[in-house]
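Below: one structure, written as structure tokens.
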Amino acid sequence: MKKTGDEYFDSEEFRELLSSYEDSVSSGQPIFLDADELTDIADYYHFTCELEKAEEVIEKALDFYPGATAPLVYKVHEALAREDVEEAKELAEQITDKNAADYFYLQAELLIAQDKTEEADQYLRDYYKTVPADEHEDFVTDAANIWLDYGVYDKAYEWVMRYPGNDSPDFKELTGRIMFGLGKYKESQRTFMELIDNDPYSGRYWNALASAQFMNEDYSDSITSSEYAIAIDPTDGEALLNKANGLYRLNNFEEALKYYLRYNEYMPSIDFTELQAGICLLYLNRTGEAVKHLQKARQLTFDGSEYQVQVYQELAFTYSALGKVDEAMKCIDQTKDMDCDHDDMEVLRGHILLQNQCTDKAEDAFRRAVTHSKNAPHILLRIIVSLFDNKLNEAAYVMFGKFFSLVGDDYDEGYSYMALCCWELNKKDEFLKFLKLAVEHNPGEARIVLNTLFPEGMNPKDYYQYMLDNCQAG
């Protein structure tokens, strides 16, 4: 049994429960577990992507305990994940104990799932009035957690503000996670740092702090926080992933690769980590190894995964690098029915064709993308960047000039690429001009595109002065 990173699933108590269940199943002996325990096991199997086993346990639970709350709540959540609200409603009504708190919470969730946010909030407020005073705090916590689970962070915040002076660790942690969801990363950091001051051996707190620092682009601090979590538990999947992501953002692909692979060693493989391992190997020019990880990512990805399209994009790049143009084109073709920017995929087709000296076909692909997108700026920019990536620097330089005259001063993408183009063409004055625009308008893009020109770890806001000083010294 692999570590999951979940405190309960990794506990001795749950391991004994799971072992008891699996021993009974394998031996054909009766299962002496209650509905809640069986649902916990189903949750574990779902968490570890063993979905058939999860479904099997839940069906057993409902066979043994018809109308039991926990397994039906599980089934309702499954239906909601499929966006099948009608089935979810039917399942909720099968719950025998209509006075169970979970039944009332499900009613609110069903409203949220139908985008009836205000109705759900009013429902919870009305129910709150019926709750005994000594249970108010627990109810507020549960309500806030519901909104947090559904990503309605403003409502979650409204509910926790009913107890603004609550200093309990659980409530503080909830508040910190809500701040994170609201994009208030500094506030989230402060909350988790306070929690860490009182419990420095909580890997969960260190991981939450690392995530907030990462989102605030404090990548070095995020890595450090992850290292504390790893020191507490070297098999902590979330910590390993946080450190890998931080290293990746700092372009330390060799070390990032090690931590993505360590994650895969301890945790169930997922499309994201296999994808990232493949990308790291591409940056390290280890293309043959990269394709193996990307092929595995393709096997693991699923409809609706936020990484599905990127998996096919990166596979296309990789096959192109291996000279397998037909395979690359097949990868692009497979995205036709996916929810993505199909004009962008047509640019990728043109880029790969250009990369493999199929110039006429590349021009056709670019033309289709421009026409269909009605000259969308991001499509035009991608095409110009493709020219630059394919060493057509003079052509890219001319087109960049026309592009920026069209989009106006408010457009904040592409300056870093123009700066790099000017650098390659030894146009120093223009390089400085566009470098300044790049770090002012889009420091994130500047970090990604221009980092190799500067000392490792330098903040993009310092790029211009650093280069200005060097140019004057030269």
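Side-chain N or O atoms of Q114 include one that pairs as donor or acceptor with a backbone N or O of L110 at under 3.5 Å. N216 places no side-chain N or O within donor-acceptor distance of the main-chain N or O of A212, the cut-off being under 3.5 Å. At distances below 3.5 Å, at least one donor-acceptor pair connects side-chain atoms of H136 with backbone N or O atoms of V131. The backbone N or O of Y8 sits less than 3.5 Å from a side-chain atom of S11, completing a donor-acceptor pair. One N or O on the side chain of Y415 and one on the backbone of Y411 form a donor-acceptor pair closer than 3.5 Å. The backbone N or O of E238 sits less than 3.5 Å from a side-chain atom of D236, completing a donor-acceptor pair. Of the possible polar contacts, one joining the E37 side chain to the D34 backbone as a donor-acceptor pair under 3.5 Å is found. With hydrogens and angles ignored, the 3.5 Å screen pairs no side-chain donor or acceptor of S222 with any backbone N or O of D218. Formation of a donor-acceptor pair under 3.5 Å by the T130 side chain with backbone atoms of D126 is not found in this model. Distance alone, capped at 3.5 Å, places no donor-acceptor pair between the D199 side chain and the L195 backbone.
No hydrogens or angles considered: nothing links the side chains of D344 and H378 as a donor-acceptor pair under 3.5 Å. With hydrogens and angles left out, the side-chain atoms of E194 and N198 include no donor and acceptor closer than 3.5 Å. For D170 and S168, the side-chain atoms include no donor-acceptor pair closer than 3.5 Å. In this model, no donor atom of one side chain and acceptor atom of the other lie less than 3.5 Å apart for T69 and D102. For the residue pair T48 / E50, a side-chain donor-acceptor distance below 3.5 Å is found, with atom types taken as modelled. Remark: the Y103 side chain and the E93 side chain contain an N/O donor-acceptor pair separated by less than 3.5 Å. Of the N and O atoms on the side chains of D271 and T301, at least one donor lies less than 3.5 Å from an acceptor on the other residue. For the 3.5 Å distance criterion, the side chains of S24 and Q29 fail to qualify, holding no donor opposite an acceptor. With hydrogens and angles left out, the side-chain atoms of K436 and Y464 include no donor and acceptor closer than 3.5 Å. Residues N442 and E413 have side chains that never bring a donor and an acceptor to within less than 3.5 angstrom of each other. No side-chain donor-acceptor contact under 3.5 Å links Q107 and Y123.
Atom OH of residue Y150 and atom CG of residue D115 lie 11.5 Å apart, to the nearest 0.5 angstrom. In this structure, OG on S19 lies 10.5 Å from CZ on R15, to the nearest 0.5 angstrom. Note that CG of L294 is 10.0 Å distant from CD of Q276, once rounded to the nearest 0.5 Å. The OH atom of Y157 lies 14.5 Å from the CG atom of L148; values are rounded to the nearest 0.5 Å. If you take OH on Y463 and CE on M458, they are separated by 8.0 Å, rounding to the nearest 0.5 Å. The CG atom of L72 lies 5.0 Å from the CG atom of L62; values are rounded to the nearest 0.5 Å.
Using a cut-off of 4.0 Å between Lys/Arg side-chain N and Asp/Glu carboxylate O, R286 and E289 are scored as salt-bridged. K75 and E59 are joined by a salt bridge, as a carboxylate oxygen and a charged side-chain nitrogen come within less than 4.0 angstrom of each other. Taking 4.0 Å as the cut-off between side-chain N and carboxylate O, K461 and E440 do not count as a salt-bridged pair.
The cationic group of R162 lies under 6.0 Å from the six-membered ring centre of Y128 and within 45° of the ring axis, placing it in a cation-pi geometry. For the pair K172 and Y205, the cation-pi test (distance below 6.0 Å, angle within 45°) is failed.
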message: Pair L281, T287 - check side chain to side chain contact (heavy atoms under 4.5 Å, CB included), show working.
response: CA-CA 6 Å; L281 286 162; T287 313; over 6 Å; no
task: Under the side chain to side chain contact (heavy atoms under 4.5 Å, CB included) rule, what do V309 and M345 come out as? Steps first, then yes or no, please.
output: CA-CA 9 Å; V309 174; M345 295 306 295; 4.2 Å; yes
query: Yes or no on ring-ring contact (aromatic ring centres under 6.0 Å, His included) for Y417 and F388, after CA distance, side-chain angles and deciding distance?
result: CA-CA 8 Å; Y417 291 99; F388 177 65; 7.4 Å; no
task: Tell me, with the steps shown, if K89 and E86 meet salt bridge (Lys or Arg N to Asp or Glu O under 4.0 Å).
output: CA-CA 5 Å; K89 288 179 181 178; E86 290 308 312; 3.6 Å; yes
message: Show, in sequence, the C-alpha distance, side-chain angles and deciding distance for E52 and E56, and conclude whether the side chain to side chain contact (heavy atoms under 4.5 Å, CB included) test is met.
response: CA-CA 6 Å; E52 289 185 10; E56 183 181 320; over 6 Å; no
query: Can you list the steps and then say if K243 with E255 is a salt bridge (Lys or Arg N to Asp or Glu O under 4.0 Å)?
result: CA-CA 9 Å; K243 183 169 182 181; E255 286 299 305; 5.8 Å; no
- request: List the steps and the verdict of side chain to side chain contact (heavy atoms under 4.5 Å, CB included) for D462 and N459.
  value: CA-CA 6 Å; D462 299 323; N459 192 309; 3.8 Å; yes
- request: For R177 and E173, run salt bridge (Lys or Arg N to Asp or Glu O under 4.0 Å): C-alpha distance rounded to whole Å, both residues' side-chain angles, the deciding distance at 0.1 Å, then the answer.
  value: CA-CA 6 Å; R177 295 191 186 281; E173 181 179 358; 3.0 Å; yes
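Relative ring orientation between Y163 and F171 is described as perpendicular, the plane-to-plane angle rising above 60° on a 0-90° scale split at 30° and 60°. Using cut-offs of 30° and 60° on the angle between ring planes, the pair W206 and Y228 is parallel. Ring-plane geometry between F14 and Y44 is classed as tilted, the angle between the planes lying from 30 to 60 degrees on a 0 to 90 degree scale. The aromatic rings of Y105 and Y127 sit perpendicular, their planes meeting at an angle over 60°, well past the 30° parallel limit. Ring geometry, Y74 versus H46: the interplanar angle exceeds 60°, so the pair is classed perpendicular (tilted spans 30 to 60°).
Under the 4.5 Å side-chain criterion, counting only non-hydrogen atoms from C-beta, F139 is not in contact with E135. A 4.5 Å side-chain heavy-atom check between L250 and E456 finds every atom pair outside the cut-off. Taking 4.5 Å as the limit, every side-chain heavy atom of W423 sits out of range of all side-chain heavy atoms of L435. Put simply, the side chain of I270 reaches to within 4.5 Å of the side chain of Y263, judged on heavy atoms. Residues V73 and H77 are in side-chain contact: their nearest non-hydrogen atoms beyond the backbone lie under 4.5 Å apart. For the pair Y260 and F272, the minimum side-chain heavy-atom distance is below 4.5 Å. With a 4.5 Å cut-off on side-chain heavy atoms, T117 and I112 do not count as touching. The closest side-chain heavy-atom distance from Y219 to R447 is below 4.5 Å.
Sorted by first and then second residue, the pairs that involve residues 142-159 and meet salt bridge (charged side-chain N to carboxylate O under 4.0 Å, His left out), not counting sequence neighbours, are E118-K155, D121-K155, R125-E158, K155-E158.
Under the side-chain contact (heavy atoms from CB on, under 4.5 Å) criterion, R298 pairs with Q295, V311, Y312, L315, Y319, C331, Q334, not counting sequence neighbours.
Across I178 and A144, no two heavy atoms sit closer than the pair CD1-CB, 4.4 Å.
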